[in-house]
Structure formats: structure tokens, C-alpha cells
Protein chains: 2
Amino acid sequence: MSYQLESRHLRYFLSVAEELHFRKAADRLYISQPGLSRQIKEMEKGLGIQLFERTNRKVKLTKAGDFLKIELRKHFKTLESTLAHAQLLNKGLLGDLKLGYVGSAMEEVIPRLMNGFRKSHQKVMFNLKEMDNQDQINSLFSNEIDVGFVRMERIPKGLNATTILQEPFCLVLPENHPINNKNFKDLSQLKDASFILFDPKYSPSYYEKVMQIFDDSGFTPMVTHNTIHSGSIYKLVAHHFGVSIVPRSLKSDHLKEVTFIELHDIPQQTALSAVWNENNRNPVLDDFLVQVQSFKSVH
Amino acid sequence: MSYQLESRHLRYFLSVAEELHFRKAADRLYISQPGLSRQIKEMEKGLGIQLFERTNRKVKLTKAGDFLKIELRKHFKTLESTLAHAQLLNKGLLGDLKLGYVGSAMEEVIPRLMNGFRKSHQKVMFNLKEMDNQDQINSLFSNEIDVGFVRMERIPKGLNATTILQEPFCLVLPENHPINNKNFKDLSQLKDASFILFDPKYSPSYYEKVMQIFDDSGFTPMVTHNTIHSGSIYKLVAHHFGVSIVPRSLKSDHLKEVTFIELHDIPQQTALSAVWNENNRNPVLDDFLVQVQSFKSVH
DNA sequence: ATGAATAATAATCATGAGTTATCAATTAGA
DNA sequence: TCTAATTGATAACTCATGATTATTATTCAT
């Protein structure tokens with residue numbers, strides 16, 4: 001264990017191998033010639049390999065030396081690119097980001113965020129998974145996802161959150177329903193209707209808030225169907241299985257079979273929040289959260 | 001240029017990355033814990049990469065650190081095998097050896113030498129080329145071949161040589177020739193015969209020696225054909241184009257159409273020599289020359 | 001609270017990389 | 001056949017820095 005080969009030896013060796021001249025190589029390395037000679041000698045002795053043939057006037061590579069020159073050059077090249085790669089990873093310009101989200105976040109928010117983010121982070125890969133609120137919270141604690149997009153009032157301790165959108169609710173009616181934007185006054189007009197709502201398991205606090213709306217309107221709705229997909233809700237509404245209430249971000253102008261009525265006059269709104277684990281050390285996360293902030297400032 | 005990454009840093013980093021514990025890693029490296037901490041910190045600062053997440057009680061790899069752990073391990077592995085390869089090259093256990101030779105050397109000598117040599121040097125590749133004497137000498141000086149097998153008296157200065165075989169000449173006669181082993185007395189019996197001899201250009205000194213034999217026998221032969229291939233000589237002799245004289249090593253018992261008569265009673269013999277450039281630094285050469293010496297001691 | 005575990009800091013030491021000065025051997029030119 | 005120039009190796013010494021010891025700060029377990 002008396003000798004340890006260091007990168008320095010390899011660098012020095014390559015310099016001499018390229019110059020085939022100790023003085024010139026030493027100049028190039030900004031060290032003195034005797035120091036270089038000593039290091040090369042030590043390397044030769046340590047490896048048990050004759051690297052150069054010195055004829056007191058000429059320096060020549062041996063077969064082993066010539067082989068090493070070629071191989072070690074490759075070696076430094078790959079080391080260099082490995083380090084460059086690690087630096088990108090460190091800066092968060094390379095890596096992956098795992099997102100969980102409730103379906104409505106995929107309508108607008110996530111595509112927009114990703115679009116802005118990839119301008120500066122082309123090499124970051126996104127892993128996307130639709131999940132209910134509670135699964136997102138669990139996955140955030142176990143670091144299975146980096147950011148969650150949830151609809152919930154109170155974020156558990158240990159997680160950080162920021163509100164992305166604050167939006168009113170929308171009533172969803174079939175196209176030719178007697179109530180429309182013109183004659184709609186308040187929700188009590190629908191106290192006898194069947195309601196199709198998001199599954200309370202998907203987001204209990206969201207469900208609770210919707211129920212508050214009915215409370216304020218003085219009736220308890222007849223909930224006939226539950227689902228977690230807005231598309232399913234619209235289909236059921238179109239086929240007269242009932243009416244529904246959804247966040248405005250799920251409103252779509254492309255649908256002919258259903259109409260939307262925004263509920264401006266009630267105090268309830270629903271918020272979409274981005275949530276993350278404060279101990280998450282994924283370097284990509286920091287940059288992504290900056291993107292989230294700039295998204296908020298625009299909307 | 002203030003910071004230089006050394007192998008030491010990489011070794012230390014790998015140790016910590018594997019133990020995830022500075023004390024244990026330091027023990028494994030036979031250095032003190034503070035020294036290790038300093039080196040890692042220096043490496044992190046130098047590369048501008050956060051390698052570990054230290055929470056004062058736990059050490060954890062960052063994404064970049066985890067990536068580097070994997071890559072640098074590979075790195076050391078390849079470096080190791082590169083050095084091992086170079087060591088083999090240095091010892092002459094790996095590499096190539098270029099041989100030039102006159103045709104007769106391929107009958108017995110070269111196959112035998114190669115056979116013995118490959119027992120200890122399986123990985124050495126031979127490059128074989130039949131050449132006339134002068135081409136071999138030139139190729140030795142220009143290092144196009146490492147060893148030559150020639151038939152010549154005086155080896156040029158700058159080359160080393162050793163005699164491998166000293167052998168008598170053989171008369172070559174067609175099968176049913178009036179002269180045979182029984183009634184042969186001396187060469188003057190063939191003073192009226194046609195002779196087929198090796199081309200003097202192929203080996204002038206060899207040719208000169210054969211001519212001395214005729215001189216001593218008191219006649220000048222009628223040389224009707226020249227060739228450089230013993231096989232051609234035998235064919236021509238078999239078809240009664242003439243008789244010939246060849247080195248004993250070209251005698252073959254498998255040939256039915258020609259007979260051989262060894263010329264014991266004349267002073268001339270012919271020598272096969274191995275020749276090499278004394279400045280040749282091919283490490284395989286040294287070991288091969290040892291093989292040549294041991295071949296001589298057996299014959 | 002208390003004590004054990006762990007990494008970081010501070011101050012000091014000592015190894016060995018690097019320096020200067022010189023030599024020995026070879027080559028080139030007068 | 002002398003120099004003079006070139007080039008790598010040696011010897012002695014300097015000093016930068018890697019490593020050590022002693023200590024602190026923090027956290028975790030009891």
C-alpha cells in the first residue's frame with residue numbers, strides 16, 4: 001500500500017507521452033522538469049510498467065506506454081463527460097420530476113406549467129399520474145411523487161403548499177334543460193333534481209364544500225351517482241341522469257350536449273393547490289416551484 | 001486552476017457513498033474522519049456539485065451523487081483493467097511478433113518455436129511472412145519485422161544473430177536415377193547433370209556456398225533452372241529436368257518421386273540463423289529469444 | 001435531562017510534491 | 001577534436017497541503 005496512483009500521474013504521463021519531451025511537457029504543466037521526471041519514475045515503479053524508452057537524448061513510448069496513452073485519453077474524456085452530466089443533475093437541468101394530480105389539473109394547469117418549464121429544462125423527464133387527494137399526500141410523504149396537485153383545505157404538516165387557482169363552481173345541465181343562463185337565479189331552483197357528484201373518497205374536503213353550497217341553498221340534494229371522471233359526469237348529464245356541480249376549470253366550450261352556469265353569487269370557491277414535501281431534495285423541484293410561482297403571477 | 005480533482009477524491013467519495021457514514025468510510029480508508037470530511041467538502045466545492053445530503057445524523061446521496069457513485073465505480077473498473085492490460089503488454093505476455101523467414105525455416109523450426117512459445121504466451125499474435133534474406137535484413141532495420149530467419153554468413157552491423165541449425169546439404173535425385181545411396185561416392189559423379197538450384201538473388205551467400213561445393217568437386221555445374229520454392233525443385237527433379245542440392249531440413253520422407261542423399265563428407269554446411277535488431281524494444285521479443293535459445297539447446 | 005453518536009471546526013504536524021542547483025551523456029557545429 | 005547546446009537524472013531542500021488530534025455542535029435514543 002505504499003504507492004497510490006493519482007490522476008496527477010496520469011495527467012503528467014499524458015503530457016510527456018504527447019510531447020515526448022520532459023522539459024516541454026513540464027512547461028506545459030507549469031511544473032519543473034525534475035519534478036516531472038520523478039513523478040513519471042514513481043508511476044513506472046508503482047505500476048511495474050516501463051512507459052518510456054529514454055535514450056538520454058530521445059524519449060519514446062514503449063508498447064505499453066503507447067497503449068496507455070490511447071486508453072487514458074479516452075479515460076479522461078469519459079470522466080469529463082461524466083462530471084458534466086453530474087453537474088447538470090446537480091443544477092436540476094437534468095433529471096425527472098414525478099407529478100400526481102387530480103384530473104381537473106390536467107385540463108389547463110399542468111400542460112401550461114410543463115410547457116413553460118421545458119423551455120429552460122429540455123432534459124427533464126416528467127412522470128405523470130392521476131391520483132386522488134389522499135394518495136397524493138401519502139405519495140408525497142414517501143417521496144413517490146415530487147409534487148401533487150390537489151383540492152383540499154388543510155395541508156398536513158410536513159408538506160408545503162401554494163394555491164395555484166381559486167375558482168368558482170359551475171352548474172352542469174343538459175343542453176335543453178328548462179333552467180339556463182337566462183332564467184337561473186339560485187340553486188334552490190334545482191332542489192328536486194338528481195345530482196351526479198365527484199366521489200367523496202376522491203376528495204373529502206372538496207365534497208364537503210359542495211355540500212355547504214347546498215346547505216346555504218336550504219336543501220339536501222338527491223345524489224344518485226358518483227364518479228371521479230368529469231367526462232363521465234358530462235355524459236350522464238347529457239343523458240338526463242341528473243345535473244352536476246364542478247370547478248370552473250372543468251368547463252368546456254367544445255361540449256354541445258351540456259351547458260355550464262357559473263355560480264358567482266355564492267361565497268364558495270374551490271382552490272387547486274400544488275403540494276410538495278419540504279424535505280424533498282430533488283434539485284429539479286426547486287426550479288419547478290419557481291415555474292409554479294410565475295404561473296400564479298400570470299393568472 | 002486552483003483545484004485539481006485527484007483519484008484520491010474519487011476513492012474517498014466512493015467509500016463514503018458506499019458506507020453512507022463518514023467515520024466508517026474513514027476507517028476503511030485508514031484515515032481520520034475530519035480529513036475525509038475536508039476532502040469531500042473540497043471535492044464538492046471544486047466540482048460545484050452537492051454530493052451528499054447531511055442531516056447531522058444521516059448521510060444520504062443526492063441525485064448527482066448517486067449518479068456519480070455508479071459511474072465512478074465503472075470508471076475505476078475500466079481503469080483497473082486498462083492497467084492490467086498494460087502490465088501484460090509490458091511483460092511481453094500480450095502483443096504481437098512479426099517474423100520473416102526463408103521458406104525452409106517453416107518446415108520445422110518456426111512451427112516448433114511457436115508451439116513452445118505459446119505455452120507461456122497464449123495471447124501473443126504472430127505475423128508471418130516469407131521473405132528473401134535481403135528483404136528480411138531491410139525489414140529488421142526498419143522494424144517491419146521483429147525476427148528474421150535467414151541463411152547468410154555475415155550479419156550486418158546493428159543486428160544480432162544466433163545460429164539455430166547447422167546442417168549438411170542433401171543431393172536430390174529422381175527416384176529411379178542411376179546414382180543412389182548405395183553407389184554414391186562423391187559429387188563428381190554428377191558433373192554432366194543439369195542442376196536446379198535456389199535463385200541466387202534469394203540468398204547470395206547460400207548460393208556462393210553451394211558453388212564452393214562444386215569447386216571442391218572439380219567441376220562447374222550446368223544450372224538450367226532457378227526457383228525459390230523447394231516444392232518446385234522436387235517437381236522438376238521428379239520430371240527429370242535435373243538434380244538439385246538443398247539443406248537437410250528440406251528433406252522429406254513423404255515424397256515418393258525423389259530421393260535424398262546426405263553430403264556428409266564435404267566440409268560445407270548451411271546454417272539457419274535467427275536475426276533481430278538490437279534496438280528493437282518489443283517486449284515480446286526478449287521472451288521469444290529465450291525460446292530460441294532453448295530450442296537450440298535441444299537440437 | 002443525559003449520554004451516545006456523528007459530522008464539522010480549529011489548530012497543528014509531517015509527508016512528499018515541487019523547487020533550485022548541478023551533473024552526465026549525447027549531439028551538433030566550428 | 002574541441003567546445004556549446006540540449007536533455008534527462010540526481011541531490012538537497014522548501015513548503016503546500018493532506019492528515020492528525022482535540023474539540024464543538026447537533027441530533028437521537030433512553
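Here the structure is a predicted model, which is why all the values come from computation and not from measurement. Chain letters run A, B, ... following the sequence lines, proteins first, then strands; residues in each count from 1.
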With sugar-phosphate meaning primed atoms plus P, OP1 and OP2, does [X] contact a base, only sugar-phosphate, or nothing at under 4.0 Å between heavy atoms?
| X | answer |
| --- | --- |
| A/Arg38 | base |
| B/Glu42 | sugar-phosphate |
| B/Phe52 | nothing |
| B/Gln39 | sugar-phosphate |

Please give, in whole Å, the distance from [N] [atom2] to [X] [atom1]?
| X | N | atom1 | atom2 | answer |
| --- | --- | --- | --- | --- |
| B/Ile31 | C/dC13 | CD1 | C1' | 16 Å |
| A/Gln4 | C/dA17 | CD | C1' | 16 Å |
| A/Ile40 | C/dA17 | CD1 | P | 13 Å |
| B/Glu6 | D/dA19 | CD | P | 11 Å |
| B/Gln33 | D/dG18 | CD | P | 17 Å |
| B/Arg23 | C/dA4 | CZ | P | 14 Å |
| B/Lys45 | C/dA8 | NZ | C1' | 15 Å |
| A/Arg8 | D/dT17 | CZ | P | 12 Å |

Quiz item: When you look at CZ of B/Arg38, are more than 12 heavy atoms from neighbouring residues, nucleotides or ligands closer to it than 6.0 Å?
Solution: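 Check fails, neighbour count at 12 or below.
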
Quiz prompt | A/Asn138 versus A/Gln134, side-chain donor and acceptor atoms under 3.5 Å | solution = yes

Quiz item: Would you call B/Lys41 and B/Glu44 a salt bridge, taking side-chain N to carboxylate O under 4.0 Å as the test?
Solution: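 No, B/Lys41 and B/Glu44 are not salt-bridged.
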
Is any side-chain N or O of [X] closer than 4.0 Å to OP1 or OP2 of [N]?
| X | N | result |
| --- | --- | --- |
| A/Tyr30 | C/dT19 | no |
| B/Ser37 | C/dA8 | yes |
| B/His21 | C/dA7 | yes |
| A/Lys58 | D/dT6 | no |

Exercise. On DNA chain C, check which nucleotide each of B/Lys24 and A/Leu36 is closest to and give me the residue with the more 5' one.
Key: B/Lys24

Quiz item: Counting side-chain heavy atoms from C-beta on, which of D/dG8, C/dG18, D/dA19 comes nearest to A/Ser32?
Solution: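 Comparing D/dG8, C/dG18, D/dA19 against the side chain of A/Ser32, the answer is C/dG18.
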
Self-check item: Nucleotide nearest B/Pro34 (side chain, heavy atoms from C-beta), chosen from D/dA22, D/dA9, C/dA7
Solution: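 Nearest to the side-chain atoms of B/Pro34, counting from C-beta on, is D/dA22.
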
Exercise. Hey, could you give me the CH2/CG distance between A/Trp276 and A/Leu97, rounded to the nearest 0.5 Å?
Key: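 Reported to 0.5 Å precision, the distance equals 12.5 Å.
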
Practice problem: Output yes when a side-chain donor or acceptor of B/Gln39 lies under 3.5 Å from a complementary backbone atom of B/His9, and no otherwise. | Solution: no

